[in-house]
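Each ligand, and each atom within it, is numbered from 1 in the order the structure gives. Counting begins at 1 with the first residue of the sequence.
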Amino acid sequence: MMLNEELEAELIAAAYAAAEHAYAPYSDYPVGAALLFDDGAIVTGCNVENASYGLALCAETVAVAKALGEGRRGGLLAVAVVGLKAGAEPITPCGRCRQVLNEVAALGATDPQVLCVSKDDVRRAALSALLPHAFGPSNLA
Ligand code: THU
């Protein structure tokens with residue numbers, strides 16, 4: 001499956017739709033993430049905050065937990081991340097989320113494209129560029 005313009009647009013739309021469900025009453029910074037898998041499935045997540053602020057879960061981490069929890073193991077082709085309150089600059093996954101995304105990518109030996117989306121821009125980077133020399137499941141084998 002190739003990531004063409006139409007599929008990218010669908011993935012970005014799914015990330016925006018997911019951000020509508022964000023539970024972000026403390027930061028007021030809703031984020032949505034959408035993961036595209038090689039069977040065409042899209043799994044989404046939003047950030048989920050907590051009254052104990054430090055326990056916040058990022059959208060990407062929630063999406064990965066949903067995907068692994070549904071039994072997916074690898075096959076991750078692309079990720080779209082959107083911040084509804086982000087400015088002109090697209091937001092990129094935080095360090096922890098890069099590591100969490102790497103887990104599902106490494107299981108299928110893919111190097112997903114990460115689409116970092118703002119109102120007027122899409123910044124594309126391979127996960128391996130965002131997280132070089134990653135630690136992953138193979139290190140424990
Ligand atoms: N956040 C994400 O969900 N993903 C990111 O890539 C960056 C930050 C969330 C965490 C927190 O709920 C809010 O954005 C503000 O940091």
State, with a plain yes or no, whether a side-chain heavy atom of [X] is found less than 4.5 Å away from one of [Y].
X	Y	answer
Pro30	Lys85	yes
Thr92	Arg98	yes
Val79	Leu101	yes

Could you identify the single nearest non-hydrogen protein atom to [atom] and state the distance to 0.1 Å?
atom	value
atom 16 (O) of ligand 1	Tyr29 CD2, 4.8 Å
atom 1 (N) of ligand 1	Cys58 SG, 3.6 Å
atom 5 (C) of ligand 1	Glu60 OE2, 3.5 Å
atom 9 (C) of ligand 1	Asn47 ND2, 3.5 Å
atom 3 (O) of ligand 1	Ala59 N, 2.8 Å
atom 11 (C) of ligand 1	Glu49 OE2, 3.3 Å

Thr92 contact mode with ligand 1 (heavy-atom cut-off under 4.0 Å): backbone
Just which atoms of ligand 1 are under 4.0 Å from any heavy atom in [X]?
X	answer
Pro93	6 (O)
Ser27	13 (C), 15 (C)
Val31	1 (N), 2 (C), 3 (O), 4 (N), 9 (C), 14 (O)

Proximity flag Cys94 to ligand 1, non-hydrogen atoms under 4.0 Å: yes
Ligand 1 contacted by Ala24 (non-hydrogen, < 4.0 Å): no
Derivation of the side chain to side chain donor-acceptor pair (under 3.5 Å) call for Ser118 and Arg123: CA-CA 8 Å; Ser118 72; Arg123 193 169 292 165; over 6 Å; no
NZ/NE/NH1/NH2 to OD/OE distance under 4.0 Å, Arg72 and Asp39: yes
Asp28 side chain vs Pro25 backbone, donor-acceptor pair below 3.5 Å: no
Donor-acceptor under 3.5 Å (Gln113 side chain, Ala78 main chain): no
